[in-house]
Amino acid sequence: MPAFYTEWLYRAKRRLIGKMIMKPQPRAMLFSGADSSLEIARVISQFGLKHTLLVTDKPLRELGIIDPTLAAMEAAGVKATVFDGVQPDPTQQVVDSGLELLRKEGCDSVLAFGGGSSIDSAKVIALAAGNNCQAADCVGFGVSKLPALPLFAIPTTAGTGSEATFIAVVSDNETHQKGGVIDARLIPKAAALDPKLMTGLPAHITAATGMDALTHAIESYIGVFQTEDTDFFGLAATRLIFDNIEEACSNGSNLAAREAMALGSYYGGLAITNALVGYVHAFSHNMGAKYGIPHGLGNAMVLPHVLEMLKEDAAEKLADIAVYNGMGDRSEGDAALAQKLIDRIWALNEAIGIPRGTDQIQEQDIPALADAALQEGSGYPTPRFFDKDEALGLLQKLRAA
């Protein structure tokens, strides 16, 4: 297919997606600070809800991290049934297991407690329960007709911003191909950013999830769907993350740094809800699907490589981010400032232990990975579209690093 015709199709696809998502979205009532997670129990009770399915994973349950929230819910007169079957990159089968428990126990609401996988699972459970269907029936853009059950979220990592977005990702049971559930009904009614729940997060997870949030902030800002609102939150997220991620990695008990990272993740989530993401996610998603590379780590590795490729096309916006974060002055020119930002990201990755690439990428897989990433990226509001040679070159750099 001629290159000009391919790009025309990509632009048409992107315009269609833009028309579907570029409208104001609801936002969760937000609580922030130490022990803010306990406020969610009170809020659930105030809504007149009586029985909540708490969706989490076994490690959080076994470590007792959910216990204070369970006690607060009991004190507020809200019964809690715990579903702890969430696993990384949850499948539709995992979601359906939680859904079966919700229906068996007669729960009237859902509380996500954990990282992005727990929040995504809880989102789809709430939506499927409200629409009397299964997880697979929810995959797609706005396919559900009825509201979700009331949904609440307590994130325990600072990365995905899933508590702010209308997207959830679940994998096919057999192929493990990831499918997006995209619906404004997925946005929680309330969320709590409690830094006390994040103090035990290992440094390597803090690093990967933090760079995931930074990727959201930067890709939302340099994309063509950005608005004044998404720019406001995206820029704020970059500063919170640049100023705090190294401290959060080296001193995990620092509550101020942890809360700043959680807010940065939340603001990044608000930004991508309308502005979406870009090629960093397109490559990271497909590397994750093929090799099981955690999403945050994939984004962290890919981010500076993609920005190097876009530094001329997005120079002014990258310069904005650099100036906003005190990396230079406008008199230096956009190109120099854009490079300063990229160099800062390379240095930050090195400081917090993010590698430049991975030996998991296999030579024989590269053409198919490139095609898949280009296909996914064709719907994103990227500053420009990559061609096949560029995609192949990027994957080779990640493999050789």
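Side chains included, hydrogens not; waters and symmetry mates left out as well; all remaining heavy atoms used.
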Side chains of V86 and K58: closer than 4.5 Å at any heavy-atom pair? no

Between N299 and S284, a side-chain donor and acceptor under 3.5 Å: yes

Got a sec, which residues hit side-chain contact (heavy atoms from CB on, under 4.5 Å) with L53, two or more places apart in sequence or on another chain? V55, T81, F83, L101, L102, C107, I125

Would you mind listing every side-chain hydrogen bond (donor to acceptor under 3.5 Å, both in side chains) that reaches into residues 139-157, with sequence neighbours excluded? none

Mind telling me whether Y279 and F386 have parallel, tilted or perpendicular rings, with 30° and 60° as the class edges? parallel

Closer than 4.0 angstrom, basic N to acidic O: yes or no for R344 and E246? yes

4.5 Å side-chain heavy-atom contact, F242 and L214: yes

Would you mind reporting whether I65 and F113 have side-chain heavy atoms less than 4.5 Å apart? yes

List for me each residue that meets side-chain contact (heavy atoms from CB on, under 4.5 Å) alongside A257, sequence neighbours excluded, and say none if there are none. N244, E247, A248, N254

Taking G269's backbone N and O only, do any of them form a donor-acceptor pair with T273's side chain (distance below 3.5 Å, no angle check)? yes

Any luck finding a side-chain donor-acceptor pair between H285 and E376 under 3.5 Å? yes

List the atom of L337, the atom of A319, and the distance in Å for their closest heavy-atom pair. CB-CB, 3.7 Å

Pair K388 + D371, salt bridge at N-O below 4.0 Å: yes

Would D359 and R399 count as a salt bridge (charged side-chain N to carboxylate O under 4.0 Å, His left out) here? Give the steps. CA-CA 5 Å; D359 59 6; R399 182 172 182 268; over 6 Å; no

Please determine whether a side-chain nitrogen of the Lys or Arg among K340 and E332 lies less than 4.0 Å from a carboxylate oxygen of the Asp or Glu. yes

Taking the six-membered ring of F166 as reference, does the NZ or CZ atom of R185 fall below 6.0 Å from its centre and within a 45° cone about the axis? no

Which pairs with one or both residues in residues 120-141 pass side-chain hydrogen bond (donor to acceptor under 3.5 Å, both in side chains), sequence neighbours excluded? D96-Q134, R103-Q134, D120-S162, K123-S162, K123-T165

Residues G210 and M261: closest non-hydrogen pair is CA-CE, 3.6 Å

Without hydrogens or angle criteria, can the side chains of T91 and D172 be said to hold a donor-acceptor pair below 3.5 Å? no

Decide, yes or no, whether a salt bridge links R384 with E390 under the criterion of side-chain N to carboxylate O below 4.0 Å. yes

Heavy-atom donor-acceptor pair, T52 side chain to L111 backbone, under 3.5 Å: no

Between the side chains of D108 and K50, is the shortest nitrogen-to-carboxylate-oxygen separation below 4.0 Å, so that they form an ion pair? no

CG of N251 to OG1 of T199: how many Å apart, nearest 0.5 Å? 10.5 Å

Start with the C-alpha distance between D229 and R27, add both sets of side-chain angles, then the distance that settles salt bridge (charged side-chain N to carboxylate O under 4.0 Å, His left out), and finish with yes or no. CA-CA 13 Å; D229 201 42; R27 290 179 184 165; 2.3 Å; yes

Is there a side-chain contact between M301 and P355, using heavy atoms and a 4.5 Å cut-off? yes

Mind checking ring-ring contact (aromatic ring centres under 6.0 Å, His included) for Y221 and listing every partner two or more places apart, or none if nothing turns up? none

Strictly by ring-ring contact (aromatic ring centres under 6.0 Å, His included), give each pair with a member in residues 184-212 just once, sequence neighbours left out. none

Side chains of E259 and S32: do they bring a donor and an acceptor to under 3.5 Å? yes

